[in-house]
Number of protein chains: 2
Amino acid sequence: MRAQVVTIQDVARAAGVSPATVSRVFNGGSVTPARAQSVQEAAAALGFAPNRVARSLRKQRSSVIALIIPDIENPFFTSLARGVEDAAQRTSLSVVLCNSDEDTEKERRYLEVALGEQMAGVIVAAASRDETDLGPLAARGVPVVAVDRRPRDAEVDAVRVDDHHGGEVATRHLLQAGYRRIACVTGPEGASTSEERLAGYRAALTAARGAGAVDDSYVRHADFRVEGGRAAMRELLSLPEPPDAVFVANNLMTIGVLDALREAGRTPPGVGVLSFGDVPWASLVRPSLSAVELPSYELGRAAAELLLQRMDGSASPLQTVVLRTRLQVRESTGGPAGA
Amino acid sequence: MRAQVVTIQDVARAAGVSPATVSRVFNGGSVTPARAQSVQEAAAALGFAPNRVARSLRKQRSSVIALIIPDIENPFFTSLARGVEDAAQRTSLSVVLCNSDEDTEKERRYLEVALGEQMAGVIVAAASRDETDLGPLAARGVPVVAVDRRPRDAEVDAVRVDDHHGGEVATRHLLQAGYRRIACVTGPEGASTSEERLAGYRAALTAARGAGAVDDSYVRHADFRVEGGRAAMRELLSLPEPPDAVFVANNLMTIGVLDALREAGRTPPGVGVLSFGDVPWASLVRPSLSAVELPSYELGRAAAELLLQRMDGSASPLQTVVLRTRLQVRESTGGPAGA
DNA sequence: CCTGCCGCTGAAAAGGATTTCACCCCTGAA
DNA sequence: TTCAGGGGTGAAATCCTTTTCAGCGGCAGG
């Protein structure tokens with residue numbers, strides 16, 4: 001059993017040159033045109049493909065970048081992944097996706113793989129603010145970009161959206177539409193996005209009604225998934241005085257919220273629903289929902305571009321890019337009485 | 001700048017043994033307990049993590065498996081990916097995801113990466129039946145499993161669903177519900193799944209009405225995406241005698257079909273819609289749709305298990321595992337007049 | 001007491017590419 | 001004519017780990 005189909009040695013022998021020259025042909029060293037051509041031909045004839053592992057070992061860097069996301073079943077992240085891929089597409093790098101499943105242990109394993117495989121760069125939407133440890137990668141000099149979520153102490157570039165502002169605008173919109181008892185279903189306590197969206201919600205209520213305006217029984221933490229949204233909304237509906245509107249901090253939870261509302265026989269706009277992030281395949285939902293639109297694709301693209309810059313050796317100071325969200329108003333939040 | 005934070009040499013020196021012994025400690029060779037322990041301690045103290053690239057180079061095999069899927073934004077494939085991950089979870093292997101985007105060129109690049117990175121195995125849902133070339137991987141002895149879609153000549157294990165049977169059952173159901181002019185929106189011509197589902201549709205019509213029962217103007221090939229479904233349905237609706245029901249060969253196209261129907265002011269069950277594969281977040285759709293349910297998660301799991309067997313050296317003859325689909329009947333196909 | 005075997009160990013080779021270094025040869029300037 | 005410089009080339013080192021191979025020591029059986 002031969003070890004490798006065809007190595008650089010074989011090509012060198014066939015072309016009558018040294019391995020070093022073959023390497024130079026493939027990596028843009030200076031080689032006489034005639035020789036270069038005969039190497040090309042020999043390589044083509046033998047079907048030579050460089051062994052990427054050997055190359056990575058020697059160069060101390062592979063040509064793969066890792067994108068670690070917390071939920072591969074969430075269209076927000078898959079769209080973000082498309083953005084990353086499209087940006088990487090124009091280079092010779094390949095993107096591989098890792099699904100941490102909101103599990104810091106799985107995430108840790110993937111970070112270890114990225115380090116151990118000497119990946120050229122890592123883009124990560126952190127599963128947790130406190131437990132995600134980007135230290136080893138940074139120490140090793142691997143470029144890292146945090147996207148969407150921020151790990152607490154990480155000294156890395158970041159791309160995210162204006163969560164606080166988006167949450168504020170959303171809540172203000174519900175207030176202006178005439179809803180009075182506005183609840184909030186946000187994500188897990190560990191995530192930066194959960195907390196900032198919630199903070200925006202609080203800020204809007206406080207601005208409108210003064211300090212103490214936030215009734216904490218109207219605030220629920222869930223898990224950023226459909227089931228979590230459903231459970232949280234059921235709880236809210238069973239309160240003595242159920243809310244007449246709800247700000248939901250992510251797209252999937254909004255689906256659960258809508259399910260729970262339908263169960264209870266209530267639908268927008270009788271009850272106001274405002275989602276942070278468009279509901280997937282929004283065209284399926286009637287009436288169509290108002291939502292804070294997130295530039296998921298652009299988030300991925302921006303993160304990839306930042307990463308590529310760093311990989312090119314940019315030494316500019318660490319950046320955080322904040323992309324703007326946009327409130328998309330639709331029929332669903334016309335107001336409690338259609339007002 | 002040191003090359004590697006800490007190598008096996010450093011550990012060996014610290015523990016007063018040879019690198020070979022350190023390696024044996026980490027790979028289950030025979031080492032006296034006392035020595036093993038001092039190696040463990042030295043490794044822990046120094047924070048040693050083996051260089052996976054060097055290991056892969058030497059072992060001619062990495063500990064990563066690749067899953068190549070054609071559309072990362074399709075929940076069918078992300079659910080399949082979860083199945084693969086969960087099965088791999090129990091081993092020391094990591095799964096990385098590659099999105100070929102139904103593009104045979106991107107797919108080729110990923111297959112090349114998988115080969116070049118000496119991945120331990122590959123699971124692929126082929127972008128094309130004819131152009132996907134698994135030859136090089138097979139030649140190199142890398143275990144490969146085809147999932148969902150079958151490349152034509154590939155000598156590999158496969159896991160798929162009973163597309164033909166599923167298409168037949170679906171179409172028969174529409175017939176039995178009383179629909180007469182049943183159209184079919186299927187996928188691209190190159191894909192095995194498109195063609196077998198279509199063949200099932202033809203078989204059901206032929207069985208019910210005899211040869212020649214299939215009106216080809218009712219058959220449309222689209223691209224397995226929302227837009228494709230929408231466009232195809234618009235065309236069908238503009239026929240002189242539009243269909244009164246449609247069998248749609250995938251989940252995303254069904255969303256497009258529903259959009260087009262709504263545009264035209266028609267909704268189930270006035271027009272019958274039967275989807276091959278559940279519409280994502282089906283709870284959003286009212287009335288709820290009948291569909292051929294696909295065991296996407298199990299598909300991924302079965303593929304991963306087959307792959308793991310091969311990696312363990314199973315030499316049994318090539319297998320094709322066919323999972324059963326199940327027709328889930330719901331309100332939407334009660335019949336043209338609710339009959 | 002000798003032989004054979006077995007378990008443990010370390011030196012060294014192997015895996016396949018890139019890169020350094022020294023060298024050769026040729027050109028251009030003094 | 002001589003020397004400096006530069007472009008092209010190959011031998012060899014390098015990246016880090018695993019694995020082979022040979023050797024050592026101890027124990028059991030003859």
Side-chain angles (χ1 to χ4, degrees), chain A residues 1-39 42-43 46-64 92 115-120 140-142, chain B residues 1-39 42-43 46-64 92 112-113 115-118 120 140-141:
Chain A
M1 190 171 78
R2 18 167 219 230
Q4 160 111 1
V5 182
V6 39
T7 76
I8 204 172
Q9 301 277 354
D10 302 324
V11 177
R13 212 172 1 251
V17 299
S18 76
T21 299
V22 179
S23 172
R24 281 190 269 259
V25 170
F26 282 92
N27 296 284
S30 54
V31 177
T32 355
R35 232 183 274 251
Q37 193 186 341
S38 78
V39 168
L46 273 56
F48 168 70
N51 181 324
R52 304 168 74 110
V53 176
R55 165 182 296 185
S56 300
L57 177 60
R58 176 63 234 226
K59 302 196 22 167
Q60 300 283 309
R61 178 130 308 179
S62 83
S63 56
V64 179
S92 60
L115 186 66
E117 296 281 348
Q118 299 184 169
M119 294 201 177
R140 181 75 179 276
V142 178
Chain B
M1 192 169 78
R2 17 167 219 230
Q4 160 110 1
V5 181
V6 38
T7 76
I8 205 173
Q9 301 277 355
D10 302 324
V11 178
R13 209 167 9 245
V17 300
S18 76
T21 300
V22 179
S23 172
R24 282 189 268 257
V25 169
F26 282 92
N27 296 285
S30 54
V31 177
T32 23
R35 232 183 275 250
Q37 193 187 341
S38 79
V39 168
L46 272 58
F48 169 71
N51 180 325
R52 304 168 74 108
V53 175
R55 164 184 296 187
S56 300
L57 177 61
R58 176 63 235 225
K59 302 194 23 165
Q60 299 282 308
R61 178 130 308 178
S62 82
S63 56
V64 178
S92 60
E112 201 176 292
V113 170
L115 186 66
E117 296 281 350
Q118 300 184 168
R140 181 74 179 277

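The structure presented is a predicted model; accordingly, all values stated were derived computationally and were not measured. Lettering follows sequence order; numbering is per chain, from 1.
Taking each heavy atom of A:Met119 and A:Val64 in turn, the nearest pair found is CB-O, 3.5 Å. Considering all non-hydrogen atoms of both residues, A:Leu46 and A:Val6 come closest at O-CG1, 3.5 Å.
When the C1' atom of C:dG15 is taken as reference, atom CZ of A:Arg52 falls 18 Å away, rounded to whole Å. In this structure, A:Arg61 places its CZ atom 14 Å from C1' of D:dC15, rounding to the nearest Å. Distance NZ (A:Lys59) to P (D:dC16): 16 Å, rounded to an integer number of Å. Rounded to whole angstrom, the span from the CD1 atom of A:Ile8 across to the P atom of C:dA17 amounts to 5 Å. The CZ-P distance, from B:Arg140 to C:dG15, rounds to 12 Å in whole Å. For the pair A:Gln118 CD and D:dC16 P, the computed distance is 8 Å after rounding to whole Å. B:Leu57 has its CG atom 9 Å from the C1' atom of D:dC15, to the nearest Å. For the pair A:Phe26 CZ and C:dA17 C1', the interatomic distance rounds to 12 Å; values are reported in whole Å.
Every residue meeting the side-chain contact (heavy atoms from CB on, under 4.5 Å) condition with A:Arg55, not counting sequence neighbours, appears here in chain and number order: A:Asn27, A:Pro50, A:Lys59. Remark: B:Ala15 engages B:Val17, B:Ser38, B:Val39, B:Ala42 in a side-chain contact (heavy atoms from CB on, under 4.5 Å) (not counting sequence neighbours). Partners of B:Ala120 by side-chain contact (heavy atoms from CB on, under 4.5 Å), not counting sequence neighbours, listed by chain and number: B:Arg61, B:Ile65, B:Leu93, B:Met311.
Using a distance-only test at 3.5 Å, with no hydrogens or angles considered, a donor-acceptor pair links the side chain of B:Ser56 to the main chain of B:Arg52. Under the 3.5 Å distance criterion, the side-chain polar atoms of A:Gln60 are matched with a main-chain donor or acceptor of A:Leu57.
Consecutive Watson-Crick or G-U pairs involving DNA chain D, each under 3.5 Å on both distances, make up stems of three or more pairs at C:1-30 with D:1-30.
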Anything under 3.5 Å between a protein N or O and an N or O of nucleotides 7-10 of chain C, put it in a table, one pair a line.
residue	atom	partner	partner atom	Å
C:dC8	OP2	B:Ser30	OG	3.3
C:dT9	OP1	B:Thr32	OG1	2.4
C:dT9	OP1	B:Arg35	NE	2.1
C:dT9	OP1	B:Arg35	NH2	3.0
C:dT9	OP2	B:Thr32	N	3.2
C:dG10	OP2	B:Ser18	N	3.2
C:dG10	OP2	B:Ser18	OG	3.2
C:dG10	OP2	B:Thr21	OG1	2.5
C:dG10	N7	B:Arg24	NH2	2.6
C:dG10	O6	B:Arg24	NH1	3.4
C:dG10	O6	B:Arg24	NH2	3.4

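The shortest distance between the side-chain N/O atoms of B:Ser23 and the OP1/OP2 oxygens of D:dT18 is below 4.0 Å. Dashed line: the shortest gap from a side-chain N or O of A:Asn27 to OP1 or OP2 of C:dT18 is under 4.0 Å.
Note that CD1 of B:Ile8 is 9.5 Å distant from OG1 of B:Thr21, once rounded to the nearest 0.5 Å.
The list of salt bridge (Lys or Arg N to Asp or Glu O under 4.0 Å) pairs with a residue in residues 13-29 of chain A, not counting sequence neighbours, reads A:Asp10-A:Arg13.
Set against C:dA17, D:dT17, D:dC15, the side chain of B:Arg55 has D:dT17 as its closest nucleotide.
Looking at A:Arg58, its side chain comes within 3.5 Å of the base of D:dT14 through a donor and an acceptor atom.
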